Asker: 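Just passing along the structure, written as structure tokens.
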Amino acid sequence: MRFIIQRDQLLASVQDVSKAISSRTAIPILTGMKIEASPNGITLTGSDSDISIESFIPQESDGNVYVEEIKPGSIVLQARYFSEIVRKLPEQTVEIEADANLKVIIRSGKAEFNLNGQSAEEYPQLPKLQTDDSFTMPIDLLKGMIKQTVFAVSAMETRPILTGVSVTLQGGSLHFTATDSHRLASRTIPVEASNVEFANVVIPGKSLNELYKTLDDSEETVEISVTNNQVLFQTKHLNFLSRLLDGNYPETSRLIPEQSKTVIQAKTKDLIHTIDRASLLAKEERNNVVRLTTLDNNQLEITSNSPEIGRVSEEVSVQSLDGEELKISFSAKYMLDALKAMEVEDVKINFTGAMRPFIIQPVNDDQILQLILPVRTY
Amino acid sequence: MKTWEEMEKVQPLASRIITNSIQKDRISHAYLIQGARGTGKREIAQLLAKGLFCEQKTGIEPCNACNMCKRIDSRNHPDVHWIEPEGQSIKIEQVRRLQKEFTYSGLESDQKVYIIQSAELLTLNAANRILKFLEEPNKKTTAIMLTENSQAIIATIRSRCQVIDLQPLSPTLFYEILVESGVSEGNAVFMRALTNDLNEATRLLSDDWFAEARKLVVQLVEMFAINPDDVYLFIHRHWLAHFKDREQHEQGLDLLLLAFRDVLYFHIGNEAAIVCFQAGDERLERLAMHFSQEQLAIILQQLLQAKRSIKQNVHPTLVMEQLTLQIQR
């Protein structure tokens, strides 16, 4: 294998790929970065077995030649040293050459590094992409969906399947659901008609957070395809693969109450500020409980009481308040998470009694749904 | 031992049990393979894993040449997980990591294998945690546990595995292998008493530390007979300077055990079994004059007790001091 490459392009790719590489891994080869040269360009791959990132540097793009004198081949190099080396090389061009004995020479200007590589055959094989099973969506929409759901995944390993976000694509609508069994966040969007359908695909929350950070806002669309074990997010030069969680995601649609007894419409900001203030005295170890009481004249009272510390109460006026009177306690943290994730001005909250879960939705938009279980207080 | 055919020569019964279940496609979800050092536990585990992943099997034999087989050998296969003791035991953290891994789908395939080496070193907590997924294995998961002593594994794990006992290597077979690989006959006799792992034997024989250790052992035994007053000094000046970590101390005690056993054999006329000394060595005669059979029996017991103490983390200096005092008595 041999090629000469522009350092800036190489560095950008190396930095992208390094995000997936961790120094503590069970499989020794994964501390390395795979470099594969083909006549069309150079592919770099990094993986910590949960997520894998592939970055492609084309031989030329828009008339700019990035890679020259390519002799195809592949090699695995220690990622730690390789990325440091690339960062500190003196010249704009880099020559990388590997021989049959897995010895690698990196030359730039008058600097020359001799590294010991590992065989690329040892590297895990990532699934081949099948482009006919994929669908495309705008990146900002995907990032929005991730942001609105992924915070609700469980942080506990006791039910591993809940540490992921369940993704289904059916009848042209894409649906994300996350729950930690005390709250639930879900978001639906229509996607452009495609003949792909899947269900029970559970993507680990950690991977989605990583994907959120990796996806570049400057690019427009991302292509998503799902295979048996992995899900692939593909942008122009970057492939992001994540393994899926094994198991069946619980059926969540029945949890969502259909009627409601009390309906509140309010300004999101007002609610966030009021609950935030009330939660100052709510204690962490008691689930941050605050209490909401309906009053007359479109007024709510938010209170919180910790006997050792003190008591807070605040009245807040809402736009409308219909239905039965209500006293309900819930976790301020969950409520704030849900309200902040919504990113709309006005929200509608549907209650079905003090002991039943309630749902929060934007006014006039039922694609976003946040469900929270109340806390029993005496 | 890279094929079942070779394995069958060394472990006929065990390999027949496993190859039969491969042929009938009835591989158990968990194996507990028990056998002394060098009996081929790891090789069997590797063969089993290759059998599950190899793409070009001929019958039951893995090809040992494809990508899958090569990566299983180099431990780079992403769906074959090896758990080894970190330090003295296999800790719960390692099991937790493994458990987490098993909540994910496979990286390349839809099946997974995990191999736990020295499973007797699982801490009680770790073992109980493992139970959980031994009990409810995910689809297509194969557990292979390797141990030298299946009795040291908690009964709840043992009862959930198919236990496969490996027979100890026959000493004569090992002797022949050693001689074939160019070890002198005297050394071969000696090594077969100490180990039954060819690699370990050749490594020890080419190790300066080990040669020195053998010399020290003979010196110490002689000193007990000739100059018992200086033994304590000898222990501090030479023995403890040479034998440093626990493993080395255990080896030293093993050597002492063999040496004293030789003296006993000399007493009862079983000279064919003598390993440390050459038969007809006059040193042996002198030693036999000094130690009676009863004394020797007690000494051997004390050596075994010393080995146990070392295993239980008693300070080696104290163990050796106590041992010498007891032998002098």
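Numbers restart at 1 for each chain; the letters A, B, ... are given by sequence-line order, proteins then strands. Everything numeric in this text was worked out from a predicted model, so none of it was measured.
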Asker: Quick one: does B:Tyr104's side chain get under 4.5 Å of A:Leu244's, heavy atoms only?
Answerer: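 No. Closest side-chain heavy atoms not under 4.5 Å.
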Asker: Does OH in A:Tyr81 sit with more than 12 non-hydrogen atoms of other residues, nucleotides or ligands closer than 6.0 Å?
Answerer: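 Not more than 12 within 6.0 Å, no.
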Asker: Checking salt bridge (Lys or Arg N to Asp or Glu O under 4.0 Å) for the pair B:Glu108/A:Arg243: CA distance, chi angles, key distance, verdict?
Answerer: CA-CA 10 Å; B:Glu108 281 184 14; A:Arg243 285 205 283 170; over 6 Å; no
Asker: Assess whether a salt bridge exists between A:Glu121 and B:Lys70, defined as any Lys/Arg side-chain N lying under 4.0 Å from an Asp/Glu carboxylate O.
Answerer: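 Here A:Glu121 pairs with B:Lys70 in a salt bridge, since their nearest N and O are under 4.0 Å apart.
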Asker: Quick one: NZ on B:Lys112 to CG on A:Asp246, what's the gap to the nearest 0.5 Å?
Answerer: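 If I round to the nearest 0.5 Å, the distance is 6.5 Å.
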Asker: Please classify the contact of B:Arg96 with chain A as side chain, backbone, both or neither, using a heavy-atom distance under 4.5 Å.
Answerer: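 B:Arg96 has no heavy atom closer than 4.5 Å to chain A.
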Asker: Using a cut-off of 6.0 Å, state whether more than 12 heavy atoms not belonging to B:Glu247 lie near its atom CD.
Answerer: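 No, CD of B:Glu247 has 12 or fewer neighbouring heavy atoms, counting only those of other groups under 6.0 Å.
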Asker: Heavy-atom count around B:Glu5 CD within 6.0 Å, excluding the residue itself: above 12?
Answerer: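 No, not enclosed.
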Asker: Enter the distance from A:Ser49:OG to B:Asp79:CG here, rounded to the nearest 0.5 Å.
Answerer: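 So the OG of A:Ser49 and the CG of B:Asp79 are separated by 9.0 Å.
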Asker: Please check if the number of heavy atoms outside B:Arg42 that lie under 6.0 Å from its CZ is greater than 12.
Answerer: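 No, CZ of B:Arg42 has 12 or fewer neighbouring heavy atoms, counting only those of other groups under 6.0 Å.
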Asker: Could you check B:Asn67 against A:Glu122 for side chain to side chain contact (heavy atoms under 4.5 Å, CB included), going step by step and ending with a plain yes or no?
Answerer: CA-CA 7 Å; B:Asn67 215 325; A:Glu122 299 276 322; over 6 Å; no
Asker: Which one of B:His81, B:Lys100, B:Gln99 has the most heavy-atom pairs closer than 4.5 Å to chain A?
Answerer: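 Looking at each option in turn, the highest pair count goes to B:Lys100.
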Asker: Determine which residues belonging to residues 32-39 of chain A lie within contact range of chain B, meaning some heavy atom pair is under 4.5 Å apart, and list them by number or answer 'none'.
Answerer: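 The stretch does not come within 4.5 Å of chain B.
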Asker: About how many Å separate CZ of A:Arg159 and OG1 of B:Thr103, when rounded to the nearest 0.5 Å?
Answerer: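 That separation rounds to 13.5 Å.
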Asker: Within the supplied structure, the quantity of interest is the number of heavy atoms (other residues, nucleotides, ligands) at a distance under 6.0 Å from A:Lys19 NZ; does it exceed 12?
Answerer: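 It does: A:Lys19 NZ has more than 12 such atoms within range.
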Asker: Strictly distance-based, threshold 3.5 Å: is any side-chain N or O of B:Arg75 a donor or acceptor partner for the main-chain N or O of A:Pro28?
Answerer: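 No; judged by distance alone, with no hydrogens or angles, the pair does not exist.
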Asker: Is it true that a side-chain atom of B:Asn76 and a backbone atom of A:Ile29 form a donor plus acceptor pair closer than 3.5 Å?
Answerer: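 Flag set: sc B:Asn76 to bb A:Ile29 pair under 3.5 Å.
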Asker: Please report the closest heavy-atom contact between A:Ile27 and B:His77, naming both atoms and the distance.
Answerer: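 What the structure gives for the nearest pair is CD1-O, 4.2 Å.
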